[in-house]
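Both counts, for ligands and for their atoms, begin at 1 and track the order of listing.
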Amino acid sequence: MQPPGPGEAKEQETRGRSFSSLLRSSTALGWAAAFLAPAAISSLDALSSRPSYQLAGFLYLLAVSLAAYLGGFAAGLVAAVLSTLGLDFFFTPPRYDFIPANGDQGAGVALFFVVAILISQLFERRRQVQRQAEAASARANRLQAVTARLAEAVTPQQVLDAIVTEGVEAAEARAGAIGLLTADGETIEIVAQRGYERNIFVGWETFPLAGDTPMATAIREDTPFFFSSSAERNAAFPPMAGLGGPSHALAILPLVVEGRAIGGIAFTFPTEIEFDAERRALKATLAQQAAQTIERVRLYEAERALRQRMTFLADASELLGSSLDYEATLAQLARLAVPEMATWCSVDMVGQDGSIQRLAVAHEDPDRVAWAESLGAEYPPDPDQPMGVPNVIRTMTAEFVPEITDELLVEAAQGDERLLEIVRELGLRSAITVPLIARGRALGALSLIRDDTAPRYTELDLDLASELARRAASAVDNAILYREAERRGDASRALAHVDDGVVLLDEEGAVVSVNPAAARILSVDSAAVVGETALGSIGGWSEIEENARPSRGQTRGPVTLPLILSDGTERWVSVSGVDFGDGVVYAFRDETEERLLERTRSDFVATASHELRTPLSAVLGAVKTLQRNDVALNSDDREMLMSMIESEAERLSGIVGQILLTGQLEAGRLPLEHEHFDPVELTKSVVDSAELHLPSGIELRVQAAADVPAVSGDPNQLRQVLANLVDNAIKYSPQGGDVELRLNRNGQFARIEVADRGLGIPLDEQERIFEKFYRLDPALTRGVNGTGLGLYISKELVERMNGRISVDSEPGRGSTFVVEVPLAV
Ligand code: ADP
């Protein structure tokens, strides 16, 4: 029989105190019966004079049976010997000696002894069978208890607890540990342990499957190891020598599910033990149960985690789509991730200036959030940091740290002892940081961190975080675009009413917007050029690009450029540009008018000085001739010189008069009479004066309708206008031809036409000739003098009389100027 091991001793304990105490007391009773019962039966001899030999034999057998039943084989043996001696001495004749009377009696005593021994053995066998049955039933009960506890287990730790607490007795173990293969199948991770001293697994949290350790070998080779002592283990695995305390037995079994090893389980025993087949089988059964439970737990866990992830993603998507206030939404998202997805969740965003700003941080405990926020303010992120959020944003790549090691914390603290102490205290375990990327730009980063109260992150968590970041980034981008569109909408509404042209280009030089003033100034259709490159779609843009483009982040002061636009016209434009980082905005002002005025003004200076110099030199020449004594002048010559002086002086006074009148008109200081007068009469008098010095080849004619009524206005000023028109008609008809003045009524106006057959005026100049100083031929190539003020003065005067003036002309065929003056009422 197997000596009861420590485990079995314990097994007996588990049967309960009453049983063991009963067992102990019955053993004592057995020994008492072994001595006392034969003695008591022997004493019958003293009480009875003729005791029956058979009766005594029967009673002795009962005593032996009682002793064997209660005390076991040894007590039975003692009772048998004592009973044989008692029977022989007291009851077998001749009495009171040990020598039998005859052979039969000797054989009877010997038979009695044999029977007594057999009875003792019989009882002992019965006791043994009963004890084995009880032990087997206790083992079955414990296995049953392990199975029941395993059925309830949902984490590897609970599996181990069930096995070690319930199964430790069945396994006789003191402590146990479960190691599981990680997802990559190359590392064993100790996921649960119980009963060991605290630090035994420090440095052994994970170890390679390929290593020369008992558990790795057991898993790799799918073989259990049973070492009855530490020495035996060290012989098989020399690197393990020196590990652990006093010598003990050790069992390591692979955990196998459907022929595939998923990990291993180790049992450590308090003493050295020989593992017999039954014990091995028991441990194998425990390992098998553990393996199946762990697999079930894993599947359950995977399913639960998947469901949790899907629910989280769905909730997050709903949240992200719910508002355009992305700052608030991201803060809510961070809170949603806590605590199921993360112990800490934070969102950092890239600011306008490229700096990294913490948008939100979430933790279950609001005090911790406040603490983290103040810590964040104290330690603002350094954009050049080699790891963490700045690195993720810079490289646009996720950072996945399944296991935050102390070395990593030391590295992250970058020599700051206080920070290192803080992060160490947080007990951070695992972290994921994913960039928020939209349209090729990192908008920020989302960080998920778990402390040691939560499981490590896996690749699945990284996938989830990446998906979440993708959705969050696209929601943020949409919100930004929407805001931008809103802002642009506001801006373009405002720009639509601005007189200055504004053109906005993106970084690539494509037109983003063109306000109506810019479209007018640059002669473009804004709808057609938006989206196109400015260079390709706006005429003259190369000039702007060359002279007005600001360098990055700079402003360029206004420059005035002549541009040849897409429609071929030339326009003077003052343009300034500002580069605002995402593109360039140009402001335009049309300076064509100012430019032309400036040019005509300088032309005027040249023309006027010429105009003034010519008559002055003529006058001067005539005066000098008259003063000469050496030249004899007859009276005709003198008369001619004198009249020349008079006419040139008149011309001079006319020019000066025009200049003065212009000054008065501009200053609004010209008084106008309002009289009723006959326009026909006035026209005829103008023609009469003109005829006095009419060049040859020109004839003046007046054709007046009969019903031209009186008009209202200033007759002197109208005379000036008509004289000027007639003068021009004569001046600009160098080849001669008739000048016709026609008068008729046109509604509420008297219409006076002055028509010549002279040089004519090109259509596109017909409006400009009424401008101040404007002359068709400032360089006098056509040889006709003038100041460019006559028609300006005429127009101003007519309009002040509430009339109007216009021209109809064809180059080479002559011009007809029309003056309309309101009728007198
Ligand atoms: P100017 O002193 O040059 O005549 P005006 O103001 O009277 O100035 O006329 C402006 C310009 O208009 C002239 O320079 C000329 O080119 C053009 N012009 C005016 N009248 C006629 C005309 N009857 N025929 C052709 N051109 C004319």
Side-chain angles (χ1 to χ4, degrees), residues 596-597 599-615 648 650-666 683 686-687 690 693-695 697-701 717-742 752-800 804-819:
L596 287 176
L597 188 64
R599 197 165 67 196
T600 43
R601 212 176 260 147
S602 61
D603 287 347
F604 166 73
V605 173
T607 332
S609 39
H610 176 263
E611 284 296 294
L612 292 168
R613 209 183 306 118
T614 316
E648 289 304 325
E650 250 169 36
R651 192 169 145 201
L652 264 178
S653 129
I655 293 168
V656 173
Q658 272 190 336
I659 295 172
L660 284 175
L661 193 54
T662 303
Q664 278 177 307
L665 281 170
E666 277 192 342
T683 306
V686 169
V687 168
H693 34 227
L694 198 64
I698 299 225
E699 226 176 89
L700 296 178
R701 269 205 302 276
Q717 307 300 11
L718 187 62
R719 180 190 304 279
Q720 167 106 21
V721 172
L722 294 180
N724 185 38
L725 293 180
V726 171
D727 191 35
N728 277 352
I730 296 165
K731 265 200 315 194
Y732 298 107
S733 300
Q735 309 294 328
D738 292 350
V739 174
E740 209 169 76
L741 285 94
R742 298 186 278 266
I752 309 163
E753 294 177 7
V754 181
D756 63 58
R757 298 180 191 279
L759 298 169
I761 303 157
L763 189 66
D764 55 350
E765 305 272 9
Q766 287 177 7
E767 208 158 303
R768 302 215 60 201
I769 53 174
F770 294 99
E771 288 172 17
K772 196 162 41 174
F773 308 127
Y774 192 81
R775 302 201 72 228
L776 230 55
D777 178 25
L780 298 175
T781 46
R782 302 203 287 194
V784 186
N785 294 334
T787 56
L789 289 173
L791 286 180
Y792 164 72
I793 293 169
S794 305
K795 183 172 157 78
E796 288 293 315
L797 292 176
V798 170
E799 282 177 359
R800 266 159 226 240
R804 33 191 201 217
I805 184 166
S806 61
V807 67
D808 177 21
S809 176
E810 204 177 316
R813 309 200 70 164
S815 315
T816 301
F817 283 84
V818 180
V819 175

Any donor and acceptor pair, going by atom type alone, linking the side chain of S733 with main-chain N or O of Q735 inside 3.5 Å? no
Under-4.0 Å heavy-atom contact with ligand 1, by part of L789 that carries it: backbone
Of all the atoms in ligand 1, which lie at a distance below 4.0 Å from a heavy atom belonging to K731? 1 (P), 2 (O), 4 (O)
With atoms numbered from 1 as shown, which atoms in ligand 1 lie under 4.0 angstrom from a non-hydrogen atom of G786? 1 (P), 2 (O), 3 (O)
If the threshold is 4.0 Å, N to carboxylate O, is there a salt bridge linking E771 and R768? yes
Which one of F770, Y732, Y774 has a non-hydrogen atom at the shortest distance from atom 13 (C) of ligand 1? Y732
I'd like to know if the side chain of T816 pairs up with that of E753 as donor and acceptor (distance under 3.5 Å, no hydrogens or angles considered). no
Tell me, yes or no, whether the heavy-atom count around R757 atom CZ, taken from other residues, nucleotides or ligands under 6.0 Å, exceeds 12. no
Using a strict 4.0 Å cut-off to heavy atoms of L791, name the atoms of ligand 1 that fall inside it. 5 (P), 6 (O), 7 (O), 9 (O), 10 (C), 12 (O), 19 (C)
Ignoring angles and geometry beyond distance, decide whether G788 reaches within less than 3.5 Å of ligand 1 through its nitrogen or oxygen atoms. yes
Ligand 1 to R775, heavy atom cutoff 4.0 Å, flagged ligand atoms 1 (P), 3 (O), 14 (O)
With a heavy-atom distance limit of 4.0 Å, tell me whether L759 approaches ligand 1 through its side chain, its backbone, both, or neither. neither
Which atoms of ligand 1 sit under 4.0 Å from any heavy atom of L776? 14 (O), 16 (O)
Name all residues meeting the salt bridge (charged side-chain N to carboxylate O under 4.0 Å, His left out) criterion together with R701; count only those two or more places apart in sequence or in a different chain, and write none if there are none. E699, D738, E740
Polar side-chain atom of D756 near backbone of G814 as donor-acceptor pair, under 3.5 Å: no
Tell me whether F817 has any N or O atom under 3.5 angstrom from an N or O of ligand 1. no
Anything under 3.5 Å between a donor and an acceptor, one on a side chain of residues 719-729, the other on a protein residue two or more places apart or in another chain? List them.
from : atom 1 : to   : atom 2 : distance (Å)
R719 : NH1    : S685 : OG     : 2.6
N724 : ND2    : G790 : O      : 2.9
N724 : ND2    : S794 : OG     : 3.0

Test of proximity, Y792 against ligand 1: N or O pairs below 3.5 Å: no
Examine ligand 1 and decide if any of its atoms is less than 4.0 Å from a heavy atom belonging to E765. no
So, S809 side chain and G760 main chain: donor-acceptor pair closer than 3.5 Å or not? no
